2 protein chains.
Amino acid sequence: MNHEDHQEETLHVGSGEFRMTKQRRVVYDVLLDQRDHPTAQEVYSRAKRRMPGISLATVYNCLDTMAQAGVVKQVNVARDATRFCPNLRPHAHFLCARCGEVLDVDLKPAADATLAWAMPDGASVEHLEVAMRGLCPTCASQPAQLV
Amino acid sequence: MNHEDHQEETLHVGSGEFRMTKQRRVVYDVLLDQRDHPTAQEVYSRAKRRMPGISLATVYNCLDTMAQAGVVKQVNVARDATRFCPNLRPHAHFLCARCGEVLDVDLKPAADATLAWAMPDGASVEHLEVAMRGLCPTCASQPAQLV
DNA sequence: ATGAGATCAAGAATTATTCTAAATAAGGAA
DNA sequence: TTCCTTATTTAGAATAATTCTTGATCTCAT
């Protein structure tokens, strides 16, 4: 008998644990295959190409579940929709004001991102999110836009 | 003739310039008087006590205008409503996961917050927003919550 | 005083996200 | 297998923050 179509794996990563269902697999693969920090809507569009019946609610559920489990990260660089990324290294995000692209910016080896900040004595930081805006290398080297 | 009631001042601060109208004055004073990073709704509630006729749309407009002008900062620590603060020093924000309070965290003197990050070559950073979550000193020193 | 442009008010519209309820799928036990 | 319990998915309604629209009002310079 052939198990391949129905077998699921249970993943233990980060803080949580969750079943890798078909839908979650698709959503996760979407994030892995094109690492451009898509929004939930964008993930939904891409996921539908692979699994036409998938629903937007499910995409939200999957992203949420995986974010809880620590398998993907939620990214907020602007005030619009939350974006998602499967990069688990400690990193910041850089939104290019001209082209709109979102880049990962790695933490330098052995660096401590909180070091520059005068943390209140006794505070414990569990989570850090760094959002930068500016011009990406490509756009910065381009002549100023005439519009 | 008495000018006091109608006279306006024009402020030149940061990048922009704007007229300090009665409504903007009220909104700005609300931010100055209680520096707890209120949301637009919260600013609206407080502003109405001083100027009952003010509208929510106007509060949004005022906050937006002043943010553009660089007189207040928009703060995004969680995914919920944007908060506002009149602190113009370079600083990060710390959201206490237990009590919900938002604290300002100053940049250490002469420190560079981007130093810890491996910025792509040639990128120019115009804006940096740092959001931390964890336990504030008060909550961290409290015994663990039973519930 | 007057006219142009900025600002304000009220409510409708938009949009991201969450919630609800019912249907389906999965894993374990007999 | 077959039955049972629980988790997941789905579709659409509900929520909530924010933006937009329109007409009224205010300000400033003339």
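Please read all numbers here as calculations on a predicted model, not as lab measurements. Lettering follows sequence order; numbering is per chain, from 1. Because only heavy atoms are used, hydrogens play no part in the values below, and waters and symmetry mates are left out as well, while side chains stay in.
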Could you tell me whether the phosphate oxygens of C/dT7, OP1 or OP2, come under 4.0 Å of any side-chain nitrogen or oxygen in B/R24?
yes
Could you check whether B/H93 and B/N76, counting side-chain N and O atoms only, form a donor-acceptor pair closer than 3.5 Å?
no
OP1 or OP2 of C/dT15 sitting under 4.0 Å from any side-chain N/O of A/Q41?
no
Less than 3.5 Å apart, any donor N or O on the side chain of B/R83 or B/H37 sitting next to an acceptor on the other?
no
Measuring only between side-chain heavy atoms, which start at C-beta, is B/T58 closer than 4.5 Å to B/V27?
no
If only side-chain N and O atoms of B/S55 are considered, is one of them under 4.0 Å from the OP1 or OP2 phosphate oxygen of C/dA9?
yes
With a 4.0 Å cut-off on heavy atoms, is A/N61 in touch with a base, just the backbone sugar-phosphate, or nothing at all?
base
For atom OH of A/Y44 and atom P of C/dT17, their distance in whole Å
15 Å
Quick check: is B/W117 connected to A/V125 through a chain of hydrophobic side chains (ILVMFWY, heavy atoms under 4.5 Å apart)?
yes
Taking OH from A/Y60 and C1' from D/dG12, how many angstroms apart are they, rounded to a whole number?
15 Å
Separation of D/dT18 C1' from B/D80 CG (nearest whole Å):
13 Å
Indicate, with a heavy-atom threshold strictly under 4.0 Å, whether A/A81 touches base, sugar-phosphate, or nothing.
sugar-phosphate
Do A/K73 and A/D104 meet the salt-bridge criterion of a basic N to acidic O distance under 4.0 Å?
no
Whole Å only: how far is the CG atom of B/N76 from the C1' atom of D/dA17?
12 Å
N/O (side chain, B/T39) to phosphate O (OP1/OP2, D/dA17) under 4.0 Å:
no
Could you tell me whether the phosphate oxygens of D/dT10, OP1 or OP2, come under 4.0 Å of any side-chain nitrogen or oxygen in A/T58?
yes
Describe the nucleic acid contact of B/T82 in one word from base, sugar-phosphate, nothing, applying a heavy-atom distance below 4.0 Å.
sugar-phosphate
Please state whether the phosphate of D/dT10, meaning OP1 or OP2, lies under 4.0 angstrom from any side-chain nitrogen or oxygen of A/Q23.
yes
When rounded to whole Å, the CE to P distance for the pair B/M66 and C/dC8 reads 10 Å
Measuring to OP1 and OP2 of D/dT8, would you say a side-chain N or O of A/K22 lies under 4.0 angstrom away?
no
Taking OP1 and OP2 of D/dT18, is either one under 4.0 Å from a side-chain nitrogen or oxygen of A/R79?
no
Can you check the B/M20 CE to C/dC8 C1' distance for me, whole Å?
16 Å
